[in-house]
Every structure is written in C-alpha cells, then in structure tokens.
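A short write-up of the structure that comes next.
Just follow the structure's listing: the first ligand is 1, and inside any ligand the first atom is 1.
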Amino acid sequence: MGMGRYVKITGIMGEGRYAARHELSKESFFATLDRDFRGKFNPFNRDTPPEWCPFLLESDEDGNYLCSIHDSAPSFCKNFKCCTCRIFKIDGSPAGLVKGRSTLVTDDLKLKKMWDNAVNAALNLDLEGQKVKIAEIIKDSGYKVDYYE
Ligand code: SF4
C-alpha cells in the first residue's frame, strides 16, 4: 500500500499492457494485467489512495488485496520477504525471523536467549557491524542467519 512511491507506470504498450519501473530496485519491466482483470481494471482510473501501487486493487468479493499483474510483477515484488532476516537451525529447518531491526519472532527459547545476547553485544556498532556481529554470535550458537537487506 506504500509502493505507489516506487512503482511507476512509464508507458502504455496496448490494452492492459504497460511499461513500468520499480524505483527502489531500478528495474524496468513490462506489466500485463492478469487475465482476470483485463477489461475490468484500469490503473489510471481507480479510486484507491495515490500511495498505493498502481497495480494494487481490493477485491469486491472478499475484501482481499490483489496484485493485478501478479504474473508479470517485477522481481522486487516476487522476491520480497516481509522480514529483515530469517534464522535457520543447522539442519536447515526454520527457527525464527526478524522484523524491523531486531524484533525476533520465534518459539525457540534457546534462540531467543542467544538473540538477545547477540543484539546486546552489537549495540554500539553501526548497522552493518551489528549484522555481522549478530550473525557471528548466532552461528556460534548453532544457527544460521540469512539477511535480506
Ligand atoms: S506485488 Fe503487484 S501490487 Fe504489489 S507492489 Fe508489486 S506490482 Fe504492485
């Protein structure tokens, strides 16, 4: 709902087809309305807030939010992970994920304790230094951290 700042339509290529750009990833892409929306949705004639992505719409049927170009959405959207990083056990199974800078979501009490220790140990470092330090401590505790930013 805030992606209207970054997803810009730069041209009309035909009925339901657009040239577009994702300003965050600097990605130019061709967007084609998915079959269900062709002839029914016009990104230039909609009553959604301007900060919404031009391709985002609210379903009349169930109130869910839908991407009208799902099949041709930019790779930024396809690869989007709604967390800062994920933490895995040594065997590769998921152990938790982190929202924002350091809010850990996990049921693993051992990981929770290690995470709190790691965050405290990295408090005085800059953001990049914090990531490296936290990843080292978590690795030494038997986990692996994958950062997405
Ligand atoms: S997933 Fe679709 S609606 Fe959402 S930001 Fe990307 S292009 Fe827009």
Any heavy-atom pair between the side chains of R38 and T32 that's under 4.5 Å?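 Yes; the side chains approach each other to less than 4.5 Å.
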
Regarding D116 and K112, does a basic nitrogen lie under 4.0 Å from an acidic carboxylate oxygen?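 Judged by the 4.0 Å cut-off on N to carboxylate O distance, D116 and K112 do form a salt bridge.
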
Using the ring of each side chain (for Trp, its six-membered ring), is H22 parallel, tilted or perpendicular to Y6, with breaks at 30° and 60°?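 Geometry flag for Y6 against H22: parallel rings.
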
Per-atom contacts of ligand 1 with [X], taking only distances under 4.0 Å to non-hydrogen atoms:
X	answer
C77	1 (S), 5 (S), 6 (Fe), 7 (S)
C53	3 (S), 5 (S), 7 (S), 8 (Fe)
M3	5 (S)
L56	3 (S)

Closer than 4.0 Å and a protein heavy atom, does any atom meet both conditions relative to atom 1 (S) of ligand 1?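 Yes; the ligand atom in question has protein heavy-atom contact below 4.0 Å.
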
W52/Y65 aromatic ring centres below 6.0 Å: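 They qualify: ring centres under 6.0 Å apart.
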
Quick one: do the R21 and S28 side chains pair a donor with an acceptor below 3.5 Å?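 Distance-only check passes for R21 and S28.
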
